Every structure is written in structure tokens, then in C-alpha cells.
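Presented below is the structure to which this report refers.
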Amino acid sequence: MPVGDRLEVSLANAATARIGRQQITLGTTDQTVSLSSKHVGVRVRTQITAKKDIPTALTATLLSTGNNIPQRGSYNPADGSYTSMSNAAMAATTNDSPMSAEARFSASNYGQTYAYTSTANYHYFLPTTDVTSLKLNLTGGQIFWKSLSGSINKLANNSHLFDANGSYLIKIKMKPSFTYLMSDGSHGTLKDTPFGGVGGTKTPIAVIIDKVGHMAVALKNAYSNNDVWAHPYYAYHGYMNTNTHSVDMAHAETALTTDAKSGIDETWDASYSTGVVRGDKVKGRNPDFPPFKACVDYGSGISYSGSPALTWYLPSSSDFRMLYDNLGFGDRSAIITSIIEHYKPQGIAYGWYGNLMNEAFTAVGGDAMARGDANGRYWSSTLFTSSTLASGGWMMTSLSSLRWTYFYYHNIVGQARAFVKY
């Protein structure tokens with residue numbers, strides 16, 4: 001709308017208004033002037049990004065941080081500049097976005113890059129609107145463990161005025177805030193530790209994976225070198241069953257269901273050892289069972305002033321399900337049906353975000369768990385048996401997956417990672 005030597009545009013017309021401007025030198029002959037118009041308004045949308053899939057649609061509202069959104073702009077044809085004539089608040093406006101469409105697990109290289117996106121529709125503003133004038137309220141949907149709720153009070157750290165005819169995508173990176181068990185018994189996140197770079201002083205000793213069950217995972221492997229599940233003595237005398245609660249190989253999948261046991265019991269309860277076990281029936285103290293004792297010894301070397309005292313143990317195959325679900329962000333709906341010898345090609349590997357899980361450990365100086373080498377093959381406390389064999393639970397971790405399996409406990413070595421009850 002012309003106003004004197006200026007043109008004025010209201011926010012209501014920001015999506016459709018167009019202005020064209022061209023400077024020419026007039027001569028004495030007829031001239032053809034070609035004039036193209038451009039949008040006056042600015043279109044802006046937000047995009048949530050993450051290193052894992054975004055499994056649900058997200059609900060949110062976009063609004064202003066105050067009375068700072070231009071409502072009427074004045075255009076100066078002489079120099080092509082815009083000036084805001086009046087400002088007001090932007091009421092909360094729907095800014096919902098869909099679940100991600102990228103391939104699960106692989107799109108981000110298993111949690112390495114921000115490959116998963118949830119992009120909202122465009123909103124229109126007048127030029128000279130400052131990106132720092134916008135905020136986002138998250139009201140629903142889920143990416144990690146809980147429903148989204150909260151506010152991003154400023155969508156950019158630095159001031160930037162939107163230009164006429166501009167199209168802007170504001171990317172918002174979402175990452176999990178892993179919870180650590182600290183040496184004083186408290187719980188905290190990366191920022192509370194010296195590794196967070198903001199003055200934290202707490203010492204992390206484990207990553208919490210189940211707050212209800214008080215279960216956490218040691219930051220580092222228990223071994224400097226890998227070892228067998230049990231002393232060869234128990235194999236040379238006919239693959240002895242050393243566990244009163246062993247799992248039948250013919251129905252190995254029950255190790256995660258009807259026959260699921262806690263690694264605490266299999267590490268510390270003497271009644272879980274059969275009569276063939278030599279010496280101490282508590283495997284966590286018996287050198288005949290290296291991974292059990294290594295996990296206990298690892299914990300003995302950790303300084304802890306909290307209460308109650310910690311219980312360190314070799315996790316069972318079912319305990320690893322908590323790691324898969326809550327730290328590896330695997331498929332919680334998956335029913336683990338394939339637990340067979342590790343060398344059989346028909347064994348199923350269950351996808352997860354190994355790189356993202358590794359960050360929980362390496363961010364605070366720990367050892368990555370998702371690996372493809374021998375250090376990514378972890379013993380579990382579960383013993384699988386048949387009429388002729390006994391095999392220790394064998395968890396094969398890689399960046400792309402976790403595979404539940406087992407292997408004869410006398411002729412192959414594996415790593416151990418202690419779990420802890422706090």
C-alpha cells in the first residue's frame with residue numbers, strides 16, 4: 001500500500017505480497033522496462049534433528065520472546081530498504097512436525113550423525129524480524145526416553161535479521177542427556193563432570209540404564225586382556241554344568257523370558273553354583289570364573305562414598321536387554337528369538353545405535369562398548385547347556401547391532417563389562 005514515497009506491507013500479507021524494483025537510466029528514445037517482483041515476506045520453518053530415529057510426530061508451538069515481531073513494514077523504493085513501523089507479540093502458533101522418514105539405524109551410521117529430521121511447516125514474517133525474537137515450546141512426542149516437554153527460549157544465539165524474499169530453515173539438534181552414577185552416590189549428567197567443560201566437579205563411575213531397577217554399567221572394560229568364561233577344567237571333564245539355573249540350548253531364547261536371571265544372583269549367590277564348582281561357590285570370588293571375578297575386582301577398585309554399598313557383577317543375557325533398550329536405543333518391541341552359537345550364519349543381530357551408545361562412555365573417558373573386534377564380545381553370566389555341552393553367554397556388539405549368542409567356555413576368550421546395583 002503506497003504511503004507517501006514509501007510502500008507499506010502488513011504482516012497479514014507477508015506470504016503473498018510482492019514488490020519489484022529496478023533502476024534504469026532514461027534516454028531520449030523509447031525503452032522497454034522489464035520488472036520482476038519478489039516476495040516481500042520471509043518464510044521460516046524449524047527442523048528437529050537427532051542421531052536416532054524420531055519415532056513419533058512432535059507437537060510444538062512457535063511464538064515470540066516478547067513484543068518484538070514486526071507487524072507493519074515500510075519499503076523505501078529509493079534504496080530497497082525495509083523499516084519496521086510497529087511491533088507486537090506473536091501468539092503461540094502450531095508448529096507440529098512428523099516422525100522421521102530416514103532409514104532406522106543406518107541413516108545416521110548408527111548414531112554418528114544428525115541424519116534424522118522432523119520438519120515443520122512454514123511461518124511467514126516481515127523483513128527485519130530477528131531470529132532471536134522466536135522461541136519454541138515443545139509439548140509432545142518422543143525422541144529418546146521420555147515425552148518431549150520444555151522450551152527453547154531463543155532459536156539462535158546471535159542476532160540475525162531476516163531478509164525480504166528469504167527462506168530460512170532453523171535446525172534444532174536434539175541429543176540424549178545420559179545420566180551418570182557419581183562417586184559420591186549422586187546422579188548427574190555430563191555438565192556435572194569435569195568432561196562437560198562448564199566447571200563440573202563430580203566423578204562419574206557408571207552410566208545408569210535403569211533408574212527403577214537401580215542398574216548401571218561400568219565406564220570401562222573389566223579386563224586389560226580377554227579371558228575364558230570358566231577354567232578349562234570344567235570342559236576337560238565333560239563340559240560340566242556349573243550353574244543350577246542354566247538355560248537349555250534347545251530353548252535358548254528363554255534366557256530373556258521365563259528363564260531370565262539376574263547377573264547379581266549368578267555372580268554372588270552360592271546356591272547358583274552346582275556341586276562341581278571347585279572352591280568358593282560364589283563365582284564373583286572364584287578365580288575359576290575369570291569374567292565374574294574380574295567384574296567384582298573392577299568394582300573393588302572404584303572409590304565410592306555413597307550409600308548403600310555398590311554391588312558389582314557380571315551381567316546376565318537378560319541384563320543386556322536393558323542396555324539394548326535404554327542405552328543402545330534398540331527396538332523395544334523386538335522379541336529376542338534367536339540365541340544360537342555365534343558362528344552360525346542364521347543368527348539374528350538386533351539393530352541399535354552403537355555410535356550413540358558409545359558416546360555415553362567415551363564422553364567421560366570410558367571405553368566404547370559397541371565394537372567389531374574381540375573387545376566387543378562380552379561374556380554374560382548366563383550358562384547355556386545341553387546333554388553334552390556348556391557354553392557361556394556371549395554378547396557380540398558392533399556399531400550396528402547386538403547379538404545374543406553363546407560359545408564354549410574353555411576355548412575362546414571374551415571381554416567383560418561390569419554392571420552395578422546402586
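By convention here, the first residue in the shown sequence is residue 1. Everything numeric in this text was worked out from a predicted model, so none of it was measured. Heavy-atom basis, side chains included; hydrogens, waters and symmetry copies ignored.
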Answer yes if the side chains of [X] and [Y] hold a donor-acceptor pair under 3.5 Å, and no otherwise.
X	Y	result
Asn95	Thr61	no
Asn375	Tyr223	no
Asp96	Thr94	no
Thr59	Thr139	yes
Asn68	Thr65	yes
Asn221	Tyr298	no
Ser273	Asn243	no
Glu102	Thr117	yes
Asn241	Ser246	yes
Arg72	Ser10	no
Thr119	Ser97	no

Mind checking whether [X] and [Y] have parallel, tilted or perpendicular rings, split at 30° and 60°?
X	Y	answer
His342	Phe407	perpendicular
Trp229	Trp379	perpendicular
Tyr75	Tyr82	tilted
Phe329	Trp145	tilted

**Study point:** Worked check of side-chain contact (heavy atoms from CB on, under 4.5 Å) between Asn326 and Arg332
**Key:** CA-CA 9 Å; Asn326 297 338; Arg332 290 188 174 188; 2.6 Å; yes
Side-chain contact, heavy-atom cut-off 4.5 Å: [X] with [Y]?
X	Y	result
Thr128	Phe162	no
Tyr239	His410	yes
Val364	Leu219	yes
Lys202	Ser186	yes
Thr337	Trp404	no
Phe125	Val44	yes
Met174	Tyr114	no
Pro70	Thr129	yes

Exercise for review: Could you tell me whether Trp312 and Phe419 have their ring centroids closer than 6.0 angstrom?
Suggested key: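 When the ring centroids of Trp312 and Phe419 are compared, they turn out to be at least 6.0 Å apart.
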Point to revise | Sub-6.0 Å ring centroid separation between Tyr422 and His187 | key: yes
Would you give the length of the straight line joining atom [atom1] of [X] to atom [atom2] of [Y], rounded to the nearest 0.5 angstrom?
X	Y	atom1	atom2	answer
Arg403	Ile336	CZ	CD1	12.0 Å
Ser262	Asp269	OG	CG	10.0 Å
Ile54	Phe144	CD1	CZ	8.0 Å

Study note, to complete from the structure: Heavy-atom nearest pair, Asp227 first then Pro290, reads OD2-CB, 3.4 Å
Check your understanding: How about His251: does its NE2 atom have over 12 heavy atoms from other parts shown lying under 6.0 Å from it?
Key -> no
Check your understanding: Taking atom NZ of Lys135 as the centre, does the number of heavy atoms from other residues, nucleotides or ligands within less than 6.0 Å exceed 12?
Key -> yes
Should the pair [X]-[Y] be classified as a salt bridge under the 4.0 Å nitrogen-to-oxygen rule?
X	Y	value
Lys293	Asp297	yes
Arg104	Asp53	yes
Lys51	Glu359	yes

Exercise for review: May I ask you to establish whether Arg43 and Tyr122 are in a cation-pi arrangement, using a distance under 6.0 Å from NZ or CZ to the six-membered ring centre and at most 45° from the ring axis?
Suggested key: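 So Arg43 does make the cation-pi contact.
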Point to revise | side-chain contact (heavy atoms from CB on, under 4.5 Å) between Met322 and Asp319, worked out | key: CA-CA 6 Å; Met322 299 303 297; Asp319 290 334; 5.7 Å; no
Exercise for review: Mind running side-chain contact (heavy atoms from CB on, under 4.5 Å) on Met395 and Leu402 for me, showing each step along the way?
Suggested key: CA-CA 7 Å; Met395 310 304 303; Leu402 172 64; 4.0 Å; yes
Check your understanding: Do any N or O atoms from the side chain of Ser398 and from the backbone of Ser401 form a donor-acceptor pair under 3.5 angstrom?
Key ->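 Checking the backbone N and O of Ser401 against the side chain of Ser398, a donor-acceptor pair under 3.5 Å is found.
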Check your understanding: Do Tyr324 and Tyr350 pass the side-chain contact (heavy atoms from CB on, under 4.5 Å) test, and can you show the C-alpha distance, the side-chain angles, and the key distance before you say yes or no?
Key -> CA-CA 9 Å; Tyr324 173 80; Tyr350 294 86; 3.6 Å; yes
